[in-house]
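Sequence lines set the chain letters: A, B, ... in the order given, protein chains first and strands last, and positions in each chain run from 1.
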Protein chains: 2
Amino acid sequence: MEKKEPIKITIYDVAKAAGVSKSTVSRYLSGRFHELSENTKRKIQEVIEQLNYKPNHMARGLKGNKSFLIGAIVADITNPYTTAILRGAEDVCKENGYALLICNTDNNPQKEKEYISMLQAHRIDGLIIQTTGGTNPFLEELFNDGNTPIVLVDRKVPELSFDLVGIDNQQATYKAVSYLQSQHYERIAWFTEPVTDISVRKERFHAFQEALKLTDVHHPSLEDIYVADLKKDDELEMCLENFLGKTQSQSRAIFCANSVILLKVILALQSKGMRVPEDVALIGFDNPEWASAVYSGITTIEQPTSEIGKSCAELIIKRINGTPMLPQTLSYHASLIKRGSTPSVKKHFHKEE
Amino acid sequence: MEKKEPIKITIYDVAKAAGVSKSTVSRYLSGRFHELSENTKRKIQEVIEQLNYKPNHMARGLKGNKSFLIGAIVADITNPYTTAILRGAEDVCKENGYALLICNTDNNPQKEKEYISMLQAHRIDGLIIQTTGGTNPFLEELFNDGNTPIVLVDRKVPELSFDLVGIDNQQATYKAVSYLQSQHYERIAWFTEPVTDISVRKERFHAFQEALKLTDVHHPSLEDIYVADLKKDDELEMCLENFLGKTQSQSRAIFCANSVILLKVILALQSKGMRVPEDVALIGFDNPEWASAVYSGITTIEQPTSEIGKSCAELIIKRINGTPMLPQTLSYHASLIKRGSTPSVKKHFHKEE
DNA sequence: TTGTAAGCGTTATCAT
DNA sequence: ATGATAACGCTTACAA
């Protein structure tokens, strides 16, 4: 079995068939129709159609120093929050003739670094990245030497003055805490994955503590902080036991720092036979599609994911086009979606009586 | 503000700095170390490191007729089933030096066609596609003229002899139906999105009917077929009312053809105040992460998504490398994950007494 | 072991 | 309005 050679139609073939020169065809391809006679224009059009010619992006890119490729490096392509953003970005990219190279880092800086390098080799025209925070020098180099525009999504890198698109995590966290307090929850546990260098986790964590202090500088829940590495089997369970053991059931809530840990908490609660909201209330960041289907709905903080994705792509494309703009941060407001998992404690008592 | 020109380090810069010729550097880059003296090898290595040189994939590709790009066209990047597959594929691609161009069609053949064209322009080395079934001529052309290997995921195209990776939908459907029957469900409704040309939907739908006929050629549930376009607001609700209206609650189940419609059904049931499994049992295709969190768990048919994704990438890469293989279909077996949404009807009665 | 030169498919600069 | 030609960064005969 021999390896068949692909049929390669080049601009030269088109030129030949249309009885013109490469340059003329190139003019057509670049849409400079005013430099063409109506006749040749039509002829070229026909030939392209008939030969099914597709311009070669690699050749074009080599010459013009442009790949029509935009990189998207994300932590977890499996996370619905991430895909919602990608979906928004993808739409905008497509409209503008760019294709999206999607890279999954698993929150591993090493992988992130490798991908940055790979994307550099592909000469991407721009990069959208949800960074681990552990590859700053490489991003800087890509940005400075390669002059490749970079937009950070979701996660900041304070040291770098790149564009950023995300939400106001402090505002969102405050809103949720103050809502819980208005529902009369006295103990609010903070459940998070290891904070590390990930800015979102830091911001939310910090905001949570600040929000509590606003009420009481010695708020008991300042002790109700639980960090669980979800890769380790029983860490989360231990945290849960700890919190549930030391609080009483009437006015306690668990606040999950993202939807991944939220789901794990739900599963762990179920395996313990704990009811929501009867035994413990629940609130979480992100608003996965299933949040309304579990229990009588789970109260969540919703981010405008599609808008975030679109804005990333729009920003990157503007930068690619050389639009002069100062580095900017685009911070959307998140909204609180109130559902059954966080009833008013008083009402709740009432209902049970 | 001027547009700064990127610093572009080429193979020539490396050659100059190392005091050798481009060809020598190229030899180094291609890993043909036996053609190099230890000394120049070391020197080149140093210079590359120091200049932070990254080979240009576009130039390489233009010359070698290879882009190191693999296209992935999927129906909905927002569907957890899809992302799980992509995740698997992505890993394998990365290991082999390929980057993944991800394209979302929204099940729209027009978009699919546009993406095929775009990927063609990028001269992708291979394509993984979950097709709408509405772009066959374009796929054929890509395959034949462009000699680009194509692997179909999930959805078949009977007319085309491409590789396919997916599951045995008939076997999976049979398994589920026979399980429901062993649990003594008498009426089983089939809920699906519009079937159109999408092979998976056709196969499952067909298999469902066949499975019923195996028990009784006039099985009453042959009438319990509901097709709902989820984009239209109340279609699903109507279907549900229809089915719930004409059956009694003790031994009826709803079988959802995928996880998207499954979630919609759950939400609709909740808005009607219907309990699962008390008022109606529930089973669905795919096994989204939340399936175990809703109700006392939802019985689902799980596909080995990660394996499917990996296999796609492995197949494509083998083909790219010219490994001679006949067109092949890789059919995985799906497994039934039994959960609380489909209790045995008899046991269930017992429990309620 | 290394260098020279042609060519991959485009676009852009000159001519004409 | 159109054509010839160089150049983009790399690989690969072919020479040396």
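- For C:dT10, the base has a donor-acceptor partner in the side chain of A:Lys22 [N/O atoms by modelled type, under 3.5 angstrom].
- Set against D:dC10, C:dG9, C:dT11, the side chain of A:Leu29 has C:dT11 as its closest nucleotide.
- Remark: C1' of D:dC10 and CD1 of B:Ile9 are 16 Å apart, rounded to the nearest angstrom.
- A salt bridge between A:Glu90 and A:Lys94 is absent, with no side-chain N of the basic residue lying under 4.0 Å from a carboxylate O of the acidic one.
- No hydrogens or angles were tested; on distance alone, nothing pairs the side chain of A:Lys63 with the base of C:dT10 as donor and acceptor under 3.5 Å.
- The residues B:Arg42 and B:Glu46 are annotated as salt-bridged, a charged nitrogen and a carboxylate oxygen being separated by less than 4.0 angstrom.
- Rounded to a whole Å, the CG atom of A:Asn65 is 12 Å from the C1' atom of C:dT11.
- Looking at B:Thr24 and B:Ser21, their side chains do bring a donor and an acceptor atom within 3.5 Å of each other.
- The distance between atom OH of A:Tyr28 and atom P of C:dG9, rounded to the nearest whole Å, is 21 Å.
- Sequence order on DNA chain C of the closest nucleotides to B:Ala59 and B:His34 puts B:His34 first from the 5' end.
- The closest side-chain donor-acceptor pair between A:Thr329 and A:Ser331, if any, does not fall under 3.5 angstrom.
- Rounded to 10 degrees, the angle between the two end axes of the helix from C:dT1-D:dA16 to C:dT16-D:dA1 is 40°, with five pairs used at each end.
- Evaluation of atom-type donor-acceptor distances gives a pair under 3.5 Å for the side chain of A:Arg27 against the base of D:dG3.
- When heavy atoms are screened at a 4.0 angstrom cut-off, A:Phe33 is found touching no nucleic acid atom at all.
- Within the 4.0 Å cut-off from OP1 or OP2 of D:dT2, not a single side-chain nitrogen or oxygen of A:Thr24 is found.
- Atom P of nucleotide D:dA13 and atom CZ of B:Arg32 are separated by 9 Å, given to the nearest angstrom.
- Note: CG (A:Asn39) to C1' (D:dA1) measures 12 Å, nearest angstrom.
- Within 4.0 Å of B:Ser26, counting heavy atoms only, lies at least one base atom of the nucleic acid.
- Closest contact between the side chain of A:Ser37 and the listed nucleotides D:dA1, C:dG3, C:dT11 involves D:dA1.
- Residues A:Met325 and A:Leu315 have side chains in contact (heavy-atom distance under 4.5 Å, counting atoms from C-beta outward).
- When every heavy atom of B:Ile308 is checked against every heavy atom of B:Tyr332, the shortest pair comes out as CG1-CD1, 3.8 Å.
- Minimum atom distance to the side chain of A:Asn56 is reached by C:dG9, of the listed C:dG9, C:dT2, C:dT11.
- When the C1' atom of D:dG9 is taken as reference, atom NZ of A:Lys66 falls 18 Å away, rounded to whole Å.
- Between B:Glu35 atom CD and D:dA15 atom P there is a gap of 17 Å when expressed in whole angstrom units.
- One can place CD1 of A:Ile11 at 19 Å from P of D:dC8, the figure rounded to the nearest angstrom.
- Side-chain atoms of A:Gln110 and A:Glu114 include a donor-acceptor pair closer than 3.5 Å.
- Interface remark: the B:Ser23 side chain does form a donor-acceptor pair with the C:dT4 base, using a distance-only criterion of under 3.5 Å.
- Other residues, nucleotides and ligands contribute only 12 or fewer heavy atoms inside 6.0 Å of the OH atom of A:Tyr12.
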